2 protein chains.
Amino acid sequence: MSRTTAKVVYSADEKQLATFAKAMGHPVRIQILKLLNTQACCYTGDLTDSIALAQSTISQHLKVLKDAGLIQGEILPPKVKYCLNQDNWPVARRLFIEFFNFEPSQPCNSDS
Amino acid sequence: MSRTTAKVVYSADEKQLATFAKAMGHPVRIQILKLLNTQACCYTGDLTDSIALAQSTISQHLKVLKDAGLIQGEILPPKVKYCLNQDNWPVARRLFIEFFNFEPSQPCNSDS
DNA sequence: AGATTTCATCGTACATTTGCGATAAACAAA
DNA sequence: TTTGTTTATCGCAAATGTACGATGAAATCT
């Protein structure tokens, strides 16, 4: 421990990107997001019909997406209508697109 | 169970996207990918120096990224040089960009 | 051969995720 | 009020993820 190497701490953007990515890390949740991105909004019941998982499990996946800030739910008794989170979806899009659109300057050089 | 509702099975692309996203679901792994995207390649030791985690933990994160197909390791004794996976990185980029660049046709209509 | 460097893997501990059925909460309809 | 509909939450079990130190494997250098 003689060398005081400055350990890097992740930036807010990196943490945010990881949070979004983690929430997207399940096929069912990708499917839900894809659906919401395609057809504006849906109810939990729509998903229960089209996805072969228990209602409680789907509700849980919705919670993961909601906690990550990717979707939002509007209570419309007796149903709940889900949409993409209007504030955060554009943020997620920006973070991912920036992340993947970065082009390296040089191909692959080794020096150390 | 009278209604035979066709339960949707995720497409290969959806599964692939979820796999990539899952691997990206940790700030350290985002940081590693960012580094590799910026500066072509690196050795495990470089990461051990700059990230405040045990060497074994970093090696584990590298394994997650390698198993997901996002990076590849070239054994260059006594070191191992990591780069983005040349085959899959463009695939990941395409999947994410397609996913986020889809624009819905209508804002939000409810009918059912 | 012995010591060193670099990295992966093993074993362990704890936390989180995933899935289910059962139950609760909120409201509409009879 | 009772019944039905819709959704969230609880409790549980199994699997997976995260982090660490210790150990092992492979190659280099004395």
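Residue numbers begin at 1 in each chain, while the letters A, B, ... track the order of the sequences. Source: prediction; values computed, not measured.
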Residue set satisfying side-chain contact (heavy atoms from CB on, under 4.5 Å) with B:Thr19, at least two apart, ordered chain then number -> B:Gln16, B:Ala68

In 5'-to-3' order, the base (B), backbone-only (S) or no-contact (-) status of each nucleotide in nucleotides 22-30 of chain C, using a 4.0 angstrom heavy-atom cut-off, is B----S---

In short, salt bridge (Lys or Arg N to Asp or Glu O under 4.0 Å) pairs touching residues 52-77 of chain A with sequence neighbours left out are A:Lys63-A:Asp67, A:Glu74-A:Lys81

Applied to residues 19-31 of chain B, the salt bridge (Lys or Arg N to Asp or Glu O under 4.0 Å) test, sequence neighbours excluded, yields none

Rounded to the nearest 0.5 angstrom, the CG-CG distance for A:Leu33 and A:Leu65 is 5.0 Å

Between B:Gly69 and B:Asn85, the two heavy atoms sitting closest are O-CB, 3.1 Å

Taken in chain and number order and not counting sequence neighbours, the residues that satisfy side-chain contact (heavy atoms from CB on, under 4.5 Å) with B:Leu47 are B:Ile32, B:Leu35, B:Cys42, B:Ile51, B:Ile58, B:Leu62

Practice prompt. Using the six-membered ring wherever Trp is involved, compare the ring planes of B:Phe100 and A:Phe96 and label them parallel, tilted or perpendicular (cut-offs 30° and 60°).
Written response: parallel

Residues passing the side-chain contact (heavy atoms from CB on, under 4.5 Å) test with A:Thr57, sequence neighbours excluded, are A:Leu53, A:Ala54, A:His61

A:Arg29 atom CZ is separated from C:dT16 atom C1', nearest whole Å, by 12 Å

In numerical order, the residues of residues 18-27 of chain A whose heavy atoms come under 4.0 Å of DNA chain D are none

Sorted by number, residues from residues 58-67 of chain A placing a heavy atom under 4.0 Å from DNA chain C are A:Gln60, A:His61

Rounded to the nearest 0.5 angstrom, the NZ-CG distance for B:Lys79 and B:Asp46 is 6.5 Å

Sequence neighbours excluded, the answer for side-chain contact (heavy atoms from CB on, under 4.5 Å) partners of A:Gln60 is none

DNA chain D: first to last nucleotide in contact with chain A (atom under 4.0 angstrom from a heavy atom), 5' to 3', is D:dT6 to D:dT9

By salt bridge (charged side-chain N to carboxylate O under 4.0 Å, His left out), B:Lys34 pairs with (sequence neighbours left out) A:Glu14

To the nearest 0.5 Å, atom CE of B:Met24 lies from atom CG of B:Leu70 at 7.5 Å

B:Tyr82 OH to C:dC7 P, in whole Å, measures 9 Å

Applying ring-ring contact (aromatic ring centres under 6.0 Å, His included) to B:Tyr82 and not counting sequence neighbours gives none

Atom OH of B:Tyr43 and atom P of C:dA8 are separated, to the nearest Å, by 13 Å

